[in-house]
Amino acid sequence: MANVAVPPGRYRNGKRMKLWTRFKTSHGRIGFGLLQGDQILEHRGDLYDQPVATGATIARDAVDLLCPCEPSKIVALWNNYHALGAKLGKAAPSHPLFLIKPATTLNGPDAVIRRPASYAGKIVFEGELGIVIGKAASNVSEEAARDYILGYTLVNDVTAAEIIEQDGNFAQWTRAKGFDTFGCLGPFIAEEFDWREAELITTLDGTERQRYPLADMIFNPWQLVARLSQDMTLLPGDVIAVGTSIGVGSMKEGALVEVSIDGLGTLANRMGG
């Protein structure tokens, strides 16, 4: 069963955050609920429309945790951190630069990242913050954008790096990032999370490879929701992966990648064959 570290679950003013998760029991039943210590308080109904507690609880270590949401799409940002842009010599964009990872990339906590049968090259990890949309957003203003965010989760935006520039006529971002199991999400959705003073840490086999402040974003979560909703309708459960910063690197078969943000827990995935 899942062995996922429980986050402290508090934000700056000391009030407890709501931590939503989806799970599967040993009998194959799928449910969702709120993490409360080492228990999950089960809910019924629609996560995005006033879910109701059933009163039943289930031990967290008795179930497998799944992706906490089922997005129709993952909108993944590129060049959205000042530090990485400076390192690459890229100017800050005037509008978010993004690609779409299909829903078939979804991969949950503790799940294996599978190497595509058609690709023998370098596969890299990218630790990121993910914004989870709570209600349909179209042409939303920046002032209203935060009302369309259910919460935040962790993302490992896995990439078959050598595919991107494989054809000089067309950069293949979607193909490189769109393979099955390349969209790792979880383990929780944290409501009321304050990203402004948080930092993200990514480790590879226990060695720190990324540590960067989320406040270094070029477009913050509210700006991203507003601007992206001008380009497409964002649906409940959709995820915006806000981009990564310095420190991405390759994973060999068997490597364990862990993405952590204080309050959001740790997303752990191992690279398979």
Side-chain angles (χ1 to χ4, degrees), residues 4-21 34-37 65 67-69 71 74-87 92 96 98 109 125-134 142 145-158 183-204 206-228 238-249 257-269:
V4 178
V6 178
R10 297 183 181 275
Y11 65 96
R12 191 167 49 185
N13 65 7
K15 184 178 178 181
R16 182 170 296 278
M17 290 189 293
K18 289 183 177 180
L19 296 172
W20 294 99
T21 192
L34 283 172
L35 184 69
Q36 296 185 338
L65 299 187
C67 291
C69 56
I74 301 172
V75 185
L77 272 290
W78 186 78
N79 191 19
N80 192 40
Y81 279 87
H82 293 285
L84 183 59
K87 181 179 179 180
F98 64 91
F125 60 84
E126 298 183 16
E128 305 186 15
L129 176 70
I131 304 165
V132 182
I133 300 300
E142 187 175 328
R146 68 187 67 195
D147 295 332
Y148 290 80
I149 297 174
L150 174 64
Y152 298 85
T153 192
L154 296 166
V155 179
N156 184 357
D157 179 15
V158 181
C184 303
L185 300 179
F188 312 109
I189 299 170
E191 289 190 32
E192 306 296 342
F193 171 69
D194 188 350
W195 54 269
R196 291 169 291 188
E197 296 184 3
E199 64 179 5
L200 182 144
I201 300 170
T202 305
T203 63
L204 180 67
T207 300
E208 184 176 301
R209 298 294 297 273
Q210 292 187 289
R211 180 186 289 266
Y212 62 86
L214 299 179
D216 189 47
M217 278 183 272
I218 294 170
F219 297 103
N220 69 40
W222 308 309
Q223 292 170 326
L224 289 173
V225 170
R227 297 198 183 203
L228 293 173
D238 282 353
V239 172
I240 300 171
V242 304
T244 196
S245 190
I246 296 169
V248 301
V257 179
E258 296 175 290
V259 182
S260 303
I261 296 175
D262 188 22
L264 271 63
T266 297
L267 172 64
N269 297 94

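The first residue in the sequence is number 1, and the count goes up from there.
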J.: Which pair of non-hydrogen atoms, one from G37 and one from L35, has the smallest distance, and what is that distance?
T.: O-CD1, 3.6 Å
J.: Where do L19 and G263 come nearest, in terms of heavy atoms and distance?
T.: CD2-O, 3.7 Å
J.: Taking all non-hydrogen atoms of both residues into account, name the closest pair between C67 and P109 and its distance.
T.: N-CD, 3.9 Å
J.: How close do T202 and G127 get, counting heavy atoms only, and between which atoms?
T.: OG1-CA, 3.6 Å
J.: What's the spacing between W195 CH2 and M217 CE if we round to 0.5 Å?
T.: 4.5 Å
J.: Can you find a heavy atom in the side chain of I261 that is under 4.5 Å from one in the side chain of L214?
T.: yes
J.: Nearest 0.5 Å, what's the CG-NE2 distance between L84 and H82?
T.: 12.0 Å
J.: Testing V259, I201, V248 for side chain to side chain contact (heavy atoms under 4.5 Å, CB included) with Q210, which one passes?
T.: V248
J.: How long is the span from the SG atom in C69 to the CD1 atom in I74, to the nearest 0.5 Å?
T.: 8.0 Å
J.: F219: what forms a ring-ring contact (aromatic ring centres under 6.0 Å, His included) with it, not counting sequence neighbours?
T.: none
J.: Could you tell me if the side chain of L228 sits less than 4.5 Å from the side chain of P96, heavy atoms only?
T.: yes
J.: Kindly give the heavy-atom pair with the smallest separation between G130 and V239, and that separation in Å.
T.: CA-CG1, 4.2 Å
J.: Would M17 and E191 satisfy side chain to side chain contact (heavy atoms under 4.5 Å, CB included), going step by step from the backbone distance to the final call?
T.: CA-CA 6 Å; M17 290 189 293; E191 289 190 32; 5.9 Å; no
J.: To the closest 0.5 Å, what do you measure between CZ (F193) and CG (L264)?
T.: 5.0 Å
J.: Could you measure the distance from the CD atom of E128 to the OH atom of Y81? Nearest 0.5 Å is fine.
T.: 7.5 Å
J.: Say you draw a straight line from CD1 of I189 to OG1 of T21; how long is it, rounded to the nearest 0.5 Å?
T.: 8.0 Å
J.: Would you mind listing every salt bridge (charged side-chain N to carboxylate O under 4.0 Å, His left out) that reaches into residues 211-223, with sequence neighbours excluded?
T.: E199-R211, E208-R211
J.: I'd like to know whether D157 forms a side chain to side chain contact (heavy atoms under 4.5 Å, CB included) with T244, so could you lay out the CA-CA distance, the side-chain angles of the two residues, the decisive distance to 0.1 Å, and finally the verdict.
T.: CA-CA 9 Å; D157 179 15; T244 196; over 6 Å; no
J.: Show the atom names and distances, to 0.1 Å, of all donor-acceptor pairs under 3.5 Å that link a side chain in residues 146-156 to residues at least two apart or in another chain.
T.:
residue : atom : partner : partner atom : Å
T153    : OG1  : G186    : N            : 3.4
T153    : OG1  : F188    : O            : 2.7
N156    : OD1  : E126    : N            : 3.1

J.: Please find the pair of heavy atoms, one from G243 and one from Y212, that lie closest to each other, and give the distance.
T.: O-OH, 3.7 Å
J.: Evaluate the side-chain proximity of I218 to N80: yes if any heavy-atom separation is below 4.5 Å, no if none is.
T.: yes
